[in-house]
Amino acid sequence: MFMGTYEHGLDAKGRVIVPAKLREGLGESFVVTLGLDGCLFAYPMEEWEGFIDKLKGLPGNKEGRKLQRHFMANAALCEVDKQGRTLIPAKLREAAGLTKDIIFVGVLSKIEIWSKEIYEANDDFDEIDDIADHMSEFGLSF
């Protein structure tokens, strides 16, 4: 399980240090793909395989095909080097607006990778109480 928020800088070659507390759970190789809300998702291989199974189970309608295409066409295998860095492919860096300051957010079975600027613009917890109230229908209560 991933949790916590970590900030690191992107170097000139597009590499970033994967936070040590997240690195262990990711393993030496993992998958990064376009996420939602303007971030990237990083999955350990085992979680990625489970996610693929869920994508395979989507209906063959237009929405299902678009979601499959969104995640699969933009997926890249990444590896951690001896210094704990990974190279995020240029296409993914560009899509997520990653330029300098990177925020890693552990979110249960995956990691979100954000541009600091975009993360701070989306990090709005003003309506979290209303959101939490609506989650009771899914069995989540506080």
Side-chain angles (χ1 to χ4, degrees), residues 1-59 62-142:
M1 177 178 71
F2 298 107
M3 59 186 174
T5 303
Y6 309 87
E7 186 174 338
H8 284 276
L10 194 66
D11 72 14
K13 295 181 180 179
R15 297 174 301 192
V16 63
I17 294 174
V18 178
K21 290 186 178 184
L22 301 178
R23 196 178 317 142
E24 183 178 319
L26 276 177
E28 291 183 21
S29 61
F30 53 94
V31 174
V32 175
T33 190
L34 282 182
L36 302 172
D37 304 319
C39 73
L40 302 177
F41 290 162
Y43 290 93
M45 293 308 294
E46 185 176 321
E47 290 293 336
W48 176 249
E49 291 166 6
F51 183 64
I52 288 173
D53 288 341
K54 291 176 184 176
L55 288 176
K56 287 179 184 177
L58 292 175
K62 189 172 187 173
E63 290 83 12
R65 292 190 311 271
K66 280 187 170 187
L67 272 177
Q68 290 169 335
R69 198 173 304 120
H70 173 82
F71 292 111
M72 298 304 297
N74 296 294
L77 183 64
C78 293
E79 296 181 349
V80 177
D81 68 14
K82 292 177 184 175
Q83 287 78 35
R85 302 172 301 189
T86 192
L87 173 67
I88 298 174
K91 177 182 176 182
L92 292 175
R93 288 194 314 265
E94 185 176 317
L98 304 180
T99 56
K100 186 179 177 189
D101 296 322
I102 308 296
I103 302 288
F104 289 86
V105 182
V107 184
L108 304 172
S109 62
K110 68 181 176 293
I111 296 167
E112 295 179 346
I113 304 172
W114 291 86
S115 154
K116 183 178 181 180
E117 182 178 297
I118 295 171
Y119 179 75
E120 288 176 349
N122 283 290
D123 190 17
D124 179 8
F125 293 106
D126 291 343
E127 58 190 38
I128 200 69
D129 290 336
D130 292 334
I131 293 170
D133 286 344
H134 295 294
M135 293 300 114
S136 63
E137 64 189 78
F138 299 102
L140 188 62
S141 60
F142 302 95

Restricting to side-chain contact (heavy atoms from CB on, under 4.5 Å), what partner residues turn up for [X], sequence neighbours left out?
| X | value |
| --- | --- |
| Leu55 | Phe51, Leu58, Gln68, Phe71, Met72 |
| Val105 | Thr5, Ile103, Val107, Glu112, Trp114, Tyr119 |
| Ser115 | Leu98, Glu117, Ile118 |

[X] to [Y] - nearest heavy-atom pair and separation:
| X | Y | value |
| --- | --- | --- |
| Ser109 | Tyr43 | O-CD2, 4.3 Å |
| Gly9 | Val16 | O-CG2, 3.5 Å |
| Leu92 | Ala76 | CD1-CB, 4.1 Å |
| Val18 | Thr86 | CG2-CG2, 3.6 Å |

Once you round to the nearest 0.5 Å, how far does [atom1] of [X] lie from [atom2] of [Y]?
| X | Y | atom1 | atom2 | answer |
| --- | --- | --- | --- | --- |
| Lys54 | Leu67 | NZ | CG | 13.5 Å |
| Leu22 | Ile111 | CG | CD1 | 4.0 Å |
| Phe30 | Leu77 | CZ | CG | 8.5 Å |
| Asp81 | Glu28 | CG | CD | 11.0 Å |
| Ile113 | Leu10 | CD1 | CG | 10.5 Å |
| Ile17 | Gln83 | CD1 | CD | 9.0 Å |

Exercise for the section: May I have the step-by-step check of side-chain contact (heavy atoms from CB on, under 4.5 Å) for Leu40 and Leu34, ending in yes or no? Expected result: CA-CA 5 Å; Leu40 302 177; Leu34 282 182; 3.9 Å; yes
Handout entry: Heavy atoms from other residues, nucleotides or ligands near CE of Met135 exceed 12 (cutoff 6.0 Å)
Key = yes
Practice task
Taking only Lys NZ, Arg NE, NH1 and NH2, and the carboxylate oxygens of Asp or Glu, determine whether Lys116 and Glu7 approach each other closer than 4.0 Å.
Solution key: yes
Exercise for the section: Mind jotting down which residue pairs meet the side-chain hydrogen bond (donor to acceptor under 3.5 Å, both in side chains) criterion with at least one end in residues 9-26? Sequence neighbours excluded, please. Expected result: Asp11-Arg15
Completion exercise
With sequence neighbours left out, the residues meeting side-chain hydrogen bond (donor to acceptor under 3.5 Å, both in side chains) with Asp101 are none
Handout entry: Flag side-chain contact, heavy atom, 4.5 Å: Lys110 against Val31
Key = no
Practice task
Examine distances only and state if a side-chain atom of Ser29 and a backbone atom of Cys78 form a donor-acceptor pair shorter than 3.5 Å.
Solution key: no
Exercise for the section: Check for a donor-acceptor pair, side chain of His70 on one end and backbone N or O of Gly35 on the other, with a separation under 3.5 Å. Expected result: yes
Problem - All pairs passing ring pair (Phe, Tyr, Trp, His ring centres under 6.0 Å) where residues 1-28 contributes a residue, at least two apart - result: none
Practice task
In sequence, state the C-alpha distance, the side-chain angles, and the governing distance for Lys66 and Glu63, and then conclude on side-chain contact (heavy atoms from CB on, under 4.5 Å).
Solution key: CA-CA 5 Å; Lys66 280 187 170 187; Glu63 290 83 12; 5.7 Å; no
